Amino acid sequence: MKSLPKAEIGVFGGSGFYSFFEKATKVNINTPYGKPSAEITIAEVFGKKVAFLPRHGLKHQFPPHKVPFKANIYAFKKLGVKTIISPCAAGSLQAKIKPGDFVILDQFIDRTKGREDTYFNGPEVAHIGGATPYCPRLSQVAIKACRKLKIQAHKKGTVVVVPGPRFSTAAESMLYTSQGGEVINMTQYPEVVLAREMEICFLGIALITDYDVGLSAKRKVKAVDSKEVIRVFNQNLEKSRKLILEIIKNIPAKRDCLCATALEEARIN
Ligand SMILES: [Zn+2]
């Protein structure tokens, strides 16, 4: 059997991210949790092996509630990935976070329903900690990279993850705003906790496309039309490509964060 190629960094991103790298290799991986969203492309970036996986599939055929999260994270683990960079489109729940801004996530509130969110269903049991779900070391790298590229970014932020595929009602959205949610998205959970269970450092970057419905319903901000949303989305993609390259360049090899040994204190048996 052919042995699997290795990669140290995993990025949730499609062809927009890797199409300009030469000598990319493609690998099909199977996992005990099924197939990941797509074949994985591995390319060398700044001397580092980076694996790219489009979260929603090559044809964007997996809606948020159908993304094979467990297979995706496990596939990265099988390649030897120690760091995952997870950009995601998100709406803003606070007027100060504007369309086009980036938010380096540090907390989440899970509002999804019934998603498979653990590899520990027994007989092996582990309870991973939740105090610092995102890797603080990677956040610092991302903050510096945003500063260097002059990207308007918020150094931290709480993402409310909703099940989708429908968007929130104005009442739900206002509730999330009042509870301290800063951005809203449909895919960060359970990606972030599954990565921690696999002792992989995880960086979540929310790319803000619009204000969520609660803010405009309360007339705190002006409602934006869909043309504007698409324009901002495309601009964000371009900026996030540059940002991810800058982050890859600067990720230190040494892992002195809590993610690397997350299971040591989490295991019960
Ligand atoms: Zn870490």
Side-chain angles (χ1 to χ4, degrees), residues 6-13 17 36 40 42 45-53 55 69-88 90 102-110 117-120 124 126-149 151 153-159 161 182-183 185 187-207 240 243-267:
K6 288 278 159 206
E8 54 200 290
I9 298 168
V11 177
F12 281 113
F17 286 98
I40 294 182
I42 300 175
V45 187
F46 301 116
K48 297 169 185 176
K49 295 275 186 207
V50 184
F52 296 88
L53 174 57
R55 180 191 285 120
F69 292 106
K70 277 175 85 169
N72 286 354
I73 300 290
Y74 199 85
F76 275 152
K77 181 75 180 176
K78 265 181 109 172
L79 293 171
V81 163
K82 304 266 189 304
T83 295
I84 291 176
I85 304 173
S86 167
C88 65
F102 285 7
V103 180
I104 313 300
L105 300 172
D106 74 327
Q107 289 287 328
F108 69 78
I109 295 172
D110 170 33
D117 59 358
T118 181
Y119 294 106
F120 293 95
E124 267 187 284
H127 301 281
I128 53 155
T132 316
Y134 289 90
C135 176
R137 186 179 60 96
L138 288 179
S139 293
Q140 290 309 313
V141 176
I143 291 163
K144 270 189 203 154
C146 286
R147 209 177 291 146
K148 185 174 169 201
L149 298 174
I151 289 170
H154 303 263
K155 292 178 191 167
K156 59 192 189 83
T158 297
V159 58
V161 190
E182 285 162 313
V183 308
N185 157 271
T187 57
Q188 280 291 296
Y189 193 88
E191 230 169 56
V192 55
V193 289
L194 292 172
R196 180 61 62 82
E197 282 192 347
M198 291 283 109
E199 299 187 320
I200 299 173
C201 292
F202 192 93
L203 171 66
I205 309 169
L207 321 176
S240 68
L243 177 61
I244 286 167
L245 286 180
E246 183 66 22
I247 291 169
I248 290 171
K249 193 158 96 182
N250 292 298
I251 290 175
K254 194 165 177 254
R255 291 177 85 206
D256 51 1
C257 46
L258 63 170
C259 329
T261 52
L263 285 177
E264 271 174 26
E265 286 175 16
R267 283 186 189 276

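All heavy atoms count here, side chains included; hydrogens, waters and symmetry mates do not. What you see is a predicted model; the values in this text were computed from it and never measured. Order of listing sets the numbers, starting from 1, for every ligand and every atom in it.
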Check for a donor-acceptor pair, side chain of K70 on one end and backbone N or O of T118 on the other, with a separation under 3.5 Å.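 Checked: pair present.
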
Distance-only donor-acceptor pairs under 3.5 Å for side chains of residues 251-265, two or more places apart:
unit_1, atom_1, unit_2, atom_2, d
R255, NH2, K82, O, 3.4
R255, NH2, E199, O, 2.7

So, with waters excluded, how many protein N/O/S atoms does the Zn ion (ligand 1) have closer than 2.8 Å? 4

Please say which of I73, L203, N72 ends up in a side-chain contact (heavy atoms from CB on, under 4.5 Å) with I84.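 Exactly one candidate clears the test, I73.
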
Would you say the side-chain atoms of Y134 and Q188 include a donor-acceptor pair closer than 3.5 Å? yes

Does the separation of the ring centres of F12 and F76 fall below 6.0 angstrom?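 Here the rings of F76 and F12 have centres that are less than 6.0 Å from each other.
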
Begin with the C-alpha distance, continue with both residues' side-chain angles, and end with the deciding distance and a verdict on salt bridge (Lys or Arg N to Asp or Glu O under 4.0 Å) for R267 and E124. CA-CA 8 Å; R267 283 186 189 276; E124 267 187 284; 2.6 Å; yes

